[in-house]
Structures are given as C-alpha cells and as structure tokens.
Amino acid sequence: MEIRVLRYFLAIIKEGGITQAANSLHITQPTISRQIKELEDELGKQLFIRHKKGQIELTQEGLMLQNRAEEIIAMVDKTESDFRYLSDMIEGDIYIGGAESQAFSHIAQLTKTIQSHYPKIYYHLSSGNAEDIMGLLDKGLLDFALVVHPRKLPRYHYAKMPYQDTWGLLMPTRDPLAQKKGITLEDIASLPLILSRQAITRTQSDSQLMTWLGDTDSLNIVATFNLGYNALHLVEAGLGYMISFDQLTHNPNLAFRPLEPLLTSDHYLVWKKDKVFSSAAQLFLEQLLEASQMEH
C-alpha cells in the first residue's frame with residue numbers, strides 16, 4: 001500500500017469522482033483508476049460503488065479505509081514536517097490541541113510574542129474533548145495538548161497552567177435564576193440540564209463536576225455535548241440549562257452564574273516523554289514553562 005495511492009483515494013472522496021480527482025491531481029483518469037483497482041485487489045475489498053455519470057459511493061470497507069488513510073496521511077505529513085525542521089533554524093510547524101477554554105488565551109499571547117521574533121513559525125490548532133485530543137497526541141499528530149485534569153500516565157510530561165476555569169450555569173438572561181449571584185445544587189435539582197459527556201463520565205479519574213453534582217441519575221439531563229459551541233444554541237432556544245466553563249460565550253442573550261460552592265478546574269499542558277521536538281516546538285515549550293513559572 002503506497003502513500004501516493006492513499007492520497008489518490010482521498011482525492012476521489014474529496015472531489016466526488018475519479019475524473020474530478022484526476023483533474024485536481026493533474027494526472028490522467030486511467031492512471032488513477034488503475035491505481036485504485038490495484039489497491040482494491042491488494043486489500044481484497046471493493047472500496048467504491050461506481051454509479052452512472054461518474055458518481056461514486058463508498059462501501060463500508062471504503063469508509064473504514066478513509067478513516068485510516070486520513071490518519072496515515074496526517075502522520076506522514078507531520079513526520080515530514082518534523083524532519084524538515086530538525087535544525088538549528090527556529091522555524092516550522094507547531095501542532096496544539098485543546099478543549100474550548102479561556103485558558104487558551106495564555107497560549108495565544110505566547111504565540112504572538114514568539115511570532116514577533118520568529119515569523120517563520122506556524123501554528124496548527126485542533127479542538128476537541130480530552131479523549132480526542134489525547135488520542136491525537138498519542139498518535140504523534142499533536143506536539144502539545146491542553147486539557148483539564150488529565151489522567152496521569154507515565155509516558156507523558158505534565159505542566160500545570162497558571163489559569164483555572166470556573167464552572168457555572170448558562171441560561172437566558174431573562175431567566176429568574178440569572179438574578180442570583182451563584183447557583184446551588186438545590187437550584188438545578190429539577191431543571192432540564194445540558195451537560196458535557198466527558199465531565200459526567202464515571203471513568204474519568206478526576207471528575208470534579210461529578211463530585212459536585214452527586215447522583216446524576218436523579219437529574220433531568222435533556223442533552224449532552226462534547227464541545228460547547230453548538231450546545232449554546234440549545235440554551236438560547238430554551239431546551240435547557242447548560243453547565244459549563246465561564247467565558248465561552250459573549251452572547252448578550254445568555255447569562256452565566258457560578259456554581260456554589262465555587263467549583264474550578266486546573267489546566268495542564270501535556271506532551272509525550274519520547275517526543276523529539278523541532279527547534280520551534282522546543283522554543284515554544286521552554287517559553288511557555290518559563291512564563292507559567294513566573295505567573296505562579
């Protein structure tokens with residue numbers, strides 16, 4: 001299985017057909033058709049269903065290969081980038097993943113400072129919950145991950161960030177609860193709630209929200225989410241009340257009130273112990289750790 005052919009395969013999916021993919025790749029249609037046929041023969045599976053007028057449809061095996069191929073190509077591109085910038089020149093790509101949090105503002109300020117001195121450093125951000133982000137980090141597709149209370153595993157380094165997120169309740173500004181300074185467990189006992197799946201997963205090693213909520217089986221959970229942006233629309237539509245971090249929205253139609261007793265979460269920068277960094281990623285790490293120590 002060749003990397004080049006996997007790129008052809010993904011181009012067909014992206015362009016919606018073999019002819020379109022051949023045109024975008026500047027190769028002939030028979031060439032790409034032959035390569036895909038050889039790939040199907042190698043795997044012993046049909047990857048596409050060919051329809052009239054050049055339309056294609058992925059088989060189940062094709063869908064499986066698509067997921068694998070995207071990971072493989074991303075890893076190849078990341079590896080090539082890492083080796084390209086293994087030099088004394090401080091330039092290249094830095095890959096950072098994290099959840100939606102105001103804590104990322106610290107990283108944003110640092111990137112601006114570094115960029116003013118090293119304009120050939122480029123940043124690539126990925127958003128997701130901790131499970132998704134740590135999965136990308138483990139596969140080598142990220143250099144760093146910014147997560148809340150990660151599970152402490154021996155193959156990673158952890159650095160506590162100088163920021164804490166505050167948990168609270170998001171609701172329409174016209175809601176009577178918006179008049180309160182803080183929200184107690186008694187306040188939300190009968191409310192329709194919209195909660196983070198990760199925050200209420202019992203398998204998490206340190207789920208502060210689970211501890212605060214107590215018995216979630218008695219709560220009226222009407223929706224869950226992995227990233228909060230779309231869930232904000234559910235709150236605005238009146239489906240329920242969302243428990244989340246502060247500073248995730250500046251929508252004037254929504255109000256945030258902190259939980260009582262106050263509940264906060266720490267953030268950690270995580271990277272693999274066996275990771276060989278480019279000069280750019282090493283500089284980023286050193287300056288981030290230095291800035292974090294100064295703020296502590």
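Just so it is clear, the structure is predicted and the values come from calculations on it, not from any experiment.
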So, do [X] and [Y] sit near enough that their side-chain heavy atoms are less than 4.5 Å apart?
| X | Y | value |
| --- | --- | --- |
| Leu259 | Leu209 | yes |
| Trp167 | Thr264 | no |
| Leu288 | Met161 | yes |
| Val235 | Leu239 | no |
| Val148 | Asp266 | no |
| Leu169 | Leu191 | yes |
| Tyr163 | Ser105 | no |
| Ile188 | Ile183 | yes |

Which distance, rounded to the nearest 0.5 Å, do you find between the [atom1] of [X] and the [atom2] of [Y]?
| X | Y | atom1 | atom2 | answer |
| --- | --- | --- | --- | --- |
| Leu58 | Met64 | CG | CE | 12.0 Å |
| Asn220 | Thr216 | CG | OG1 | 12.0 Å |
| Glu100 | Asn129 | CD | CG | 10.5 Å |
| Phe104 | Gln109 | CZ | CD | 12.0 Å |
| Leu269 | Leu289 | CG | CG | 7.0 Å |
| Lys45 | Leu39 | NZ | CG | 13.5 Å |

Cluster question for you: counting only ILVMFWY and a side-chain heavy-atom cut-off of under 4.5 Å, with indirect links fine, are [X] and [Y] together?
| X | Y | result |
| --- | --- | --- |
| Trp212 | Met242 | no |
| Phe225 | Leu234 | yes |
| Ile221 | Met210 | yes |
| Ile36 | Leu63 | yes |
| Leu146 | Leu227 | no |

Q | Residue that, paired with His267, satisfies side-chain contact (heavy atoms from CB on, under 4.5 Å) out of Ile107, Asp165, Val147 | A | Asp165
(Q) Please evaluate residues Gln287 and Ile114 with respect to the criterion side-chain contact (heavy atoms from CB on, under 4.5 Å), reporting the C-alpha separation (whole Å), side-chain torsions for both, the decisive distance (0.1 Å), and the verdict. (A) CA-CA 9 Å; Gln287 296 210 6; Ile114 293 176; 3.7 Å; yes
Is there a donor-acceptor pair under 3.5 Å between the side chain of [X] and the backbone N or O of [Y]?
| X | Y | answer |
| --- | --- | --- |
| Glu91 | Ile121 | no |
| Ser278 | Ala281 | yes |
| Lys273 | Pro154 | yes |
| Gln247 | Ser101 | no |
| Glu42 | Met1 | yes |

Taking atom [atom1] as the centre, does [X] end up with more than 12 heavy-atom neighbours from other residues, nucleotides or ligands that are less than 6.0 angstrom away?
| X | atom1 | answer |
| --- | --- | --- |
| Tyr158 | OH | yes |
| Arg68 | CZ | no |
| Lys14 | NZ | no |
| Arg4 | CZ | yes |
| Gln46 | CD | yes |

Partner residues of [X] under the side chain to side chain donor-acceptor pair (under 3.5 Å) criterion, sequence neighbours left out:
| X | answer |
| --- | --- |
| Thr111 | none |
| Glu61 | Thr59 |
| Ser127 | none |

Considering all heavy atoms of both residues, which atom of [X] and which atom of [Y] are nearest to each other, and what is their separation?
| X | Y | answer |
| --- | --- | --- |
| Leu136 | Ser126 | CD1-CB, 4.4 Å |
| Leu232 | Leu248 | CD1-O, 4.2 Å |
| Leu43 | Leu65 | CD1-CD2, 3.9 Å |
| Tyr95 | Leu141 | CB-O, 3.8 Å |
| Ala69 | Phe9 | CB-CD2, 4.3 Å |
| Lys272 | Leu137 | CD-O, 3.2 Å |

Q: Establish, yes or no, whether a centroid distance under 6.0 Å links the rings of Phe256 and Phe245.
A: no
Q: Classify the side-chain pair Gln164/Ser265 by whether it contains a donor and acceptor separated by less than 3.5 Å.
A: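 No.
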Q. Does any donor atom in the side chain of Ser33 or Gln29 lie under 3.5 Å from an acceptor atom in the other side chain?
A.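 Looking only at side-chain atoms, Gln29 and Ser33 do form a donor-acceptor pair, the distance falling under 3.5 Å.
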Q: Give the C-alpha distance, both sets of side-chain angles, the deciding distance and a yes or no for side-chain contact (heavy atoms from CB on, under 4.5 Å) between Phe48 and Ile18.
A: CA-CA 10 Å; Phe48 296 109; Ile18 293 176; 5.7 Å; no
(Q) Using side-chain contact (heavy atoms from CB on, under 4.5 Å), reason through Ile94 and Phe144 one step at a time and then give a plain yes or no. (A) CA-CA 8 Å; Ile94 300 176; Phe144 307 101; 4.0 Å; yes
Q | Partner residues of Asp246 under the salt bridge (charged side-chain N to carboxylate O under 4.0 Å, His left out) criterion, sequence neighbours left out | A |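 Per chain and number, Asp246 pairs via salt bridge (charged side-chain N to carboxylate O under 4.0 Å, His left out) with no residue.
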Q) When you look at Tyr123 and Asp93, which way does the side-chain hydrogen bond (donor to acceptor under 3.5 Å, both in side chains) test go after all the steps? A) CA-CA 6 Å; Tyr123 301 91; Asp93 302 302; over 6 Å; no
Q. With the threshold set at 4.0 Å, does a side-chain nitrogen-carboxylate oxygen contact exist between Asp274 and Arg155?
A.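 Salt bridge between Asp274 and Arg155, a charged N being under 4.0 Å from a carboxylate O: no.
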(Q) Between Ile194 and Val222, does the side-chain contact (heavy atoms from CB on, under 4.5 Å) criterion hold? Intermediate values first, please. (A) CA-CA 6 Å; Ile194 302 170; Val222 297; 4.1 Å; yes
Under 3.5 Å, side-chain donor or acceptor atoms of residues 70-77 against the rest of the protein: list the pairs with distances, not counting sequence neighbours.
from: Glu70; atom 1: OE2; to: Gln66; atom 2: NE2; distance (Å): 3.4
from: Glu71; atom 1: OE1; to: Lys139; atom 2: NZ; distance (Å): 3.4
from: Glu71; atom 1: OE2; to: Lys139; atom 2: NZ; distance (Å): 2.6
from: Asp77; atom 1: OD1; to: Arg7; atom 2: NH2; distance (Å): 2.7

Let me have the donor-acceptor pairs involving side chains of residues 175-182, under 3.5 Å, with sequence neighbours excluded, atom names and distances please.
from: Asp175; atom 1: OD1; to: Leu177; atom 2: N; distance (Å): 2.9
from: Asp175; atom 1: OD2; to: Tyr241; atom 2: OH; distance (Å): 2.4
from: Lys180; atom 1: NZ; to: Asp187; atom 2: OD1; distance (Å): 3.1
from: Lys180; atom 1: NZ; to: Asp187; atom 2: OD2; distance (Å): 2.6

